[in-house]
Structure formats: C-alpha cells, structure tokens
Amino acid sequence: MMSEIAEVIIKMEVAALERWNNGDPSGFLDISDEDVVYFDPMTELRIDGLKNLTALYESIRGKIFVDRYKMLNPKVQSLDRMAVLTYNLESYIENKVIKWNCTEVYQLAKDNKWRIIQTHWSLTKAVEAL
C-alpha cells in the first residue's frame, strides 16, 4: 500500500511530466524550491537555484514533445520533512525510446507543500539514446 506522502509526490511528478512532454517545463519549475540543484546528462555542470534552472528550461520551452511515456518502478522513501522519489522513465518520441533514471529529493516547505530540492537525471542506455 502506497503511503499518503508517496501518493502526493508521485501525483506531482506525473503532472509535471505531462506538462514537460507537451513542451511546457513550468510544471517542474512550479514544484521546485528556490535552492534547487539540478543535474542531467545534457549539462556539463550542476545547475544551482531556481533562477538558473528557469533560464535552462526557458531555453528549451516548446522544443520537447514526447508522444507517450511510462513511469516505471516509482519508489518514495520518506522521513520527517524529506522524501526521495526514484523511478525509471521511458520516453517515446516518434520511433525512438529514450530510457532515463530519475532521482528527485523533495522537502516539505514551510508552507506545508512538497518542493524539489535536488534533481538528477541520467540515461540508462546512453549509447542507444544518442
């Protein structure tokens, strides 16, 4: 049985993914903390802060469209005001499948809303994805 925290966090992540897959990165920006840190295989260095993450996402707004996706094996581990969501993602774009690993660290903010404080994306099959 999924905990209430896991249910809330997975629902937030799915809503953000739905927007992302339609060219709108704001779903993730809306649930990220001001102090978010971000890694992905397309950036050379860690991105620090919501302002810098917003600049990155604005540069790709309207450019990413995913036909369909599968969130696989989502798992939320939580303790007090912190929760870690890990999952595998399959993104289907035309005739390609891009496979990802995702780790999101969430913190319960002062306003009692969960916010992402750390994101890490990696390709699971980098050679096939390129």
Side-chain angles (χ1 to χ4, degrees):
M1 183 171 140
M2 193 182 322
S3 76
E4 183 179 325
I5 292 170
E7 191 174 330
V8 167
I9 287 175
I10 291 170
K11 190 175 191 178
M12 290 171 60
E13 192 81 10
V14 167
L17 279 169
E18 292 286 337
R19 290 175 70 180
W20 178 271
N21 291 341
N22 287 293
D24 178 8
S26 293
F28 282 107
L29 295 173
D30 291 348
I31 61 173
S32 291
D33 191 79
E34 289 291 325
D35 293 328
V36 67
V37 295
Y38 177 89
F39 286 104
D40 87 21
M42 309 310 165
T43 60
E44 186 175 349
L45 300 172
R46 182 187 66 227
I47 305 293
D48 290 332
L50 185 58
K51 180 180 176 182
N52 293 324
L53 182 60
T54 299
L56 172 69
Y57 280 4
E58 287 303 324
S59 74
I60 58 174
R61 181 178 294 279
K63 297 179 182 175
I64 296 175
F65 295 94
V66 176
D67 299 321
R68 65 185 176 90
Y69 72 95
K70 291 181 186 173
M71 177 190 269
L72 305 168
N73 309 311
K75 181 174 184 169
V76 175
Q77 298 165 288
S78 61
L79 180 64
D80 298 325
R81 301 180 67 81
M82 301 286 286
V84 178
L85 167 63
T86 55
Y87 61 96
N88 305 104
L89 182 72
E90 291 181 356
S91 297
Y92 296 83
I93 303 170
E94 295 176 3
N95 60 349
K96 287 175 136 181
V97 179
I98 303 173
K99 297 181 179 185
W100 300 89
N101 295 317
C102 181
T103 301
E104 302 272 36
V105 179
Y106 282 80
Q107 181 177 20
L108 191 59
K110 291 177 185 172
D111 63 1
N112 258 358
K113 293 184 180 176
W114 289 99
R115 300 268 185 244
I116 298 170
I117 60 169
Q118 201 275 342
T119 295
H120 192 125
W121 286 97
S122 63
L123 294 165
T124 60
K125 303 268 186 174
V127 175
E128 291 177 13
L130 300 177

Restricting to non-hydrogen atoms, name the atom on [X] and the atom on [Y] that form the minimum distance, rounded to 0.1 Å.
| X | Y | answer |
| --- | --- | --- |
| S78 | A83 | CB-CB, 3.8 Å |
| N52 | D48 | ND2-O, 2.7 Å |
| R81 | W114 | O-CZ3, 3.5 Å |
| I47 | L53 | CG2-N, 3.5 Å |
| Y87 | E13 | OH-OE2, 2.6 Å |
| R115 | A109 | CG-CB, 4.0 Å |

Value rounded to 0.5 Å, distance of [atom1] in [X] from [atom2] in [Y]:
| X | Y | atom1 | atom2 | result |
| --- | --- | --- | --- | --- |
| L29 | I116 | CG | CD1 | 9.5 Å |
| Q107 | D35 | CD | CG | 9.0 Å |
| H120 | N101 | NE2 | CG | 8.5 Å |
| E58 | R61 | CD | CZ | 4.0 Å |

Same apolar cluster (I L V M F W Y, side chains within < 4.5 Å links), [X]/[Y]:
| X | Y | answer |
| --- | --- | --- |
| V8 | I10 | yes |
| V76 | M82 | no |
| I5 | Y106 | yes |
| W121 | L85 | yes |
| W100 | V84 | no |

Between the main-chain N or O of L50 and the side-chain N or O of T54, is there a donor-acceptor pair closer than 3.5 Å? yes
If we ignore hydrogens and angles and just use 3.5 Å, is the side chain of T124 paired with the main-chain N or O of K99 as donor and acceptor? yes
Kindly list each side-chain donor-acceptor pair under 3.5 angstrom involving residues 16-23, sequence neighbours excluded, with atom names and distances?
| residue | atom | partner | partner atom | Å |
| --- | --- | --- | --- | --- |
| E18 | OE2 | Y69 | OH | 2.8 |
| R19 | NE | D24 | OD2 | 3.0 |
| R19 | NH1 | D30 | OD2 | 3.1 |
| R19 | NH2 | D24 | OD2 | 3.1 |
| N21 | ND2 | L17 | O | 3.3 |
| N22 | ND2 | E18 | O | 2.8 |

Less than 4.5 Å apart, side chain to side chain, heavy atoms only: is that true for P41 and L123? yes
With sequence neighbours left out, write down each residue that passes side chain to side chain contact (heavy atoms under 4.5 Å, CB included) with K70, or none if nothing qualifies. R68, L72, E90, Y92
Output all residues satisfying side-chain hydrogen bond (donor to acceptor under 3.5 Å, both in side chains) with D40, sequence neighbours left out; order by chain, then residue number.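 Expected list: Y38.
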